[in-house]
Each structure stands twice: as structure tokens, then as C-alpha cells.
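Okay, so here's the structure we're looking at.
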Amino acid sequence: MIDVNHQINAVRRRVGSRVLEAGEARTITISQAYDAELDDVWDACTNAERIPRWFLPVSGDLRLGGRYQFEGNAGGTIERCDPPKSFAATWEYGGEISWIEVRLTPESDGRTRFELEHIAHVDDTRWAEFGPGAVGIGWDMGLVGLALHFSGKPDAAAEGAAWTVSEEGKTFVTLSSEAWRDASIEAGTDEAEAKAAGDRCTAAYTASPEE
């Protein structure tokens, strides 16, 4: 369905931090360039009829100040919108609030770079247990859906969901987890601690339902 190694290597991943009013927050940033014009990528990310083709069914009011809800996942409020370059929203799930910022940048070869930053207050204990892969792997899989969408797959979301539980999908998850481990080490995390957290994260994502 997709070249696993190519997709892993096509994505840039970064771990960092930001200071918010409520204190210091952890950040993960993920990006990939797609063979599509800026306006097309913006439409794919903001059009309620198009988003479900590569991500999840969405409901709500997709405009500045509006509330949105992804089926079976997060919802939130759109806090900033600067078409066709960027938008920001709260990301509310499981009683917790974090934030996402999406930025689109045209590249010289006619492609467009999609970049998403996820900002969250994560306590040291939870971070030490699973590291950035806990969130990063999920976004990696989202970028797979977007890659399939721009390659012309009519139902990229359904194909991607089935693929993630296949053996090839589990290989992708493992490589994604390792890439987030490396990004964590690059950000200053102790190598042994980052590896242990990455191993636990990989196990959590690839465990069979009965395990």
C-alpha cells in the first residue's frame, strides 16, 4: 500500500518545549512535503467533506471560533485561522486540553510542506513512561493518510485504518516509534531513558487486542 521506509524518511520530527501562560509545555512537530499546491493542501485540511477521506469523520463549525469534533477522537475550538497558511485549535480528549498548530509552506518545486505542532502539558512521569511517540505515532499515521490522499486513493482513511493493524502497518509503527525516540534523544533526553520509553510505546501500539 505504501513504501514504509520511504514514508518514514519523508517525515521530519522534532521534540521541544514552549512556555505558555499555564507554564512550560512539551511539543512535538511533524512535517512532510506533498506533491500538491498550497490551496489544495489547505482545502484537504479544512474542508469538512474532504477531511474524512484521509483522517476521520468530522462534525461542527470549521471556522474561526467554531467547535469541531472528530468521530471517536478529539474535539476543540478553532482559535486562529490564516488561510491558506495556518490555523490553530484546542485539542480536547479524555478530559485534557492540548493545542495543535498547522502551518503550510509552499516549496520551490511546486510542492507544499504540511507541518503540525502538538503542544501539551505532560507531567514528567507520563513522559518518562512513553515519550513523544505516544502522540507522535498517531500523527505519523495521519500523515500516511494524507500521503495516500494526494496519491489519488479515493478512500485513504479506510485503507490506512486497515493497514495500520497489518504486519506492514506494525512495522511502520515500530519505525515511527524509533524515529520519535531518536528525536527525543536529539532534544536532550537520556539515551537509555528514551529507548526504554520508546520500547514501551511500541509495545502499546502493536499489542494484539487480547494481550
Side-chain angles (χ1 to χ4, degrees), residues 1-18 26-56 58 62 70 74 78 80-89 91 98-120 132-161 163-164 168-169 171-187 205:
M1 187 189 79
I2 195 165
D3 185 328
V4 169
N5 288 311
H6 174 78
Q7 178 64 24
I8 288 292
N9 293 327
V11 172
R12 298 175 184 172
R13 303 166 187 83
R14 187 171 70 252
V15 175
S17 63
R18 286 175 61 172
R26 301 182 189 274
T27 67
I28 66 147
T29 305
I30 185 168
S31 75
Q32 182 173 358
Y34 295 103
D35 189 15
E37 296 291 336
L38 178 65
D39 287 341
D40 190 26
V41 180
W42 175 262
D43 186 68
C45 296
T46 60
N47 185 327
E49 294 183 359
R50 198 167 170 187
I51 292 170
R53 299 179 198 168
W54 64 271
F55 192 55
L56 290 168
V58 63
L62 301 187
F70 285 113
I78 299 168
R80 191 176 72 249
C81 189
D82 180 22
K85 299 177 181 178
S86 67
F87 66 86
W91 187 261
S98 54
W99 300 265
I100 59 167
E101 296 183 3
V102 171
R103 298 179 283 268
L104 305 181
T105 308
E107 299 201 335
S108 58
D109 56 2
R111 307 173 85 206
T112 301
R113 179 162 295 278
F114 168 97
E115 181 177 84
L116 182 143
E117 184 176 10
H118 196 149
I119 306 132
V135 172
I137 292 171
W139 287 121
D140 248 315
M141 291 190 287
L143 265 60
V144 168
L146 198 53
L148 288 171
H149 181 67
F150 285 121
S151 71
K153 298 287 185 179
D155 196 2
E159 287 193 36
W163 177 75
T164 56
E168 188 178 61
T171 297
F172 175 82
V173 165
T174 300
L175 293 175
S176 168
S177 182
E178 291 173 355
W180 283 110
R181 174 204 63 199
D182 293 344
S184 186
I185 293 169
E186 186 175 344
Y205 266 93

- Go through the steps for Arg14 and Glu117 under the test salt bridge (charged side-chain N to carboxylate O under 4.0 Å, His left out), then give the verdict. CA-CA 9 Å; Arg14 187 171 70 252; Glu117 184 176 10; 5.8 Å; no
Side chain proximity check, [X] to [Y], heavy atoms < 4.5 angstrom:
| X | Y | result |
| --- | --- | --- |
| Ile119 | Ile100 | no |
| Tyr34 | Leu146 | yes |
| Ile8 | Ser176 | yes |
| Phe114 | Ser31 | no |
| Val4 | Leu175 | yes |
| Ile30 | Leu143 | yes |
| Leu116 | Trp139 | yes |
| Thr29 | Glu101 | no |

Supply the atom-to-atom distance [X] [atom1] to [Y] [atom2], rounded to the nearest 0.5 angstrom.
| X | Y | atom1 | atom2 | answer |
| --- | --- | --- | --- | --- |
| Asp82 | Arg103 | CG | CZ | 12.5 Å |
| Asp109 | Asp35 | CG | CG | 7.5 Å |
| Phe55 | Cys45 | CZ | SG | 10.5 Å |
| Ile51 | Leu62 | CD1 | CG | 5.5 Å |
| Gln32 | Asn9 | CD | CG | 10.5 Å |

Pair Thr105-Leu38, side-chain contact (heavy atoms from CB on, under 4.5 Å): steps then yes or no = CA-CA 7 Å; Thr105 308; Leu38 178 65; over 6 Å; no
With distance as the sole test, does [X] use its side chain to make a donor-acceptor pair with the main-chain N or O of [Y] at under 3.5 Å?
| X | Y | value |
| --- | --- | --- |
| Trp54 | Ala44 | yes |
| Ser98 | Trp91 | yes |
| Arg26 | Ser17 | no |
| Tyr205 | Ala134 | yes |
| Thr46 | Trp42 | yes |
| Asp3 | His6 | yes |
| Ser151 | Leu148 | yes |
| Thr112 | Ala36 | yes |
| Arg80 | Ile78 | no |

- Where do Val144 and Ile2 land on the side-chain contact (heavy atoms from CB on, under 4.5 Å) test, with the steps shown first? CA-CA 8 Å; Val144 168; Ile2 195 165; 3.9 Å; yes
Heavy atoms only: give me the nearest [X]-[Y] pair and the separation to one decimal.
| X | Y | answer |
| --- | --- | --- |
| Glu37 | Gly110 | OE2-O, 3.8 Å |
| Pro52 | Val58 | CG-N, 4.2 Å |
| Pro84 | Leu104 | O-CD1, 3.7 Å |

Worksheet item: Looking at Asp140 and Arg13, does any basic side-chain N land under 4.0 Å from a carboxylate oxygen?
Response: yes
**Asked** Is Arg113 paired with Glu115 through a side-chain N to carboxylate O contact shorter than 4.0 Å?
**Response** no
* Should we say atom CD of Glu186 is surrounded by more than 12 heavy atoms from elsewhere, each under 6.0 Å from it? -> no
>> Using a 6.0 Å cut-off, check whether atom CD of Glu168 has over 12 heavy atoms from anything other than its own residue.
In response: yes
Centroid separation Trp163 to Phe172 less than 6.0 Å = yes
For Asp43, the salt bridge (Lys or Arg N to Asp or Glu O under 4.0 Å) test, sequence neighbours excluded, returns Arg50
May I have the step-by-step check of side chain to side chain donor-acceptor pair (under 3.5 Å) for Trp99 and His118, ending in yes or no? CA-CA 6 Å; Trp99 300 265; His118 196 149; over 6 Å; no
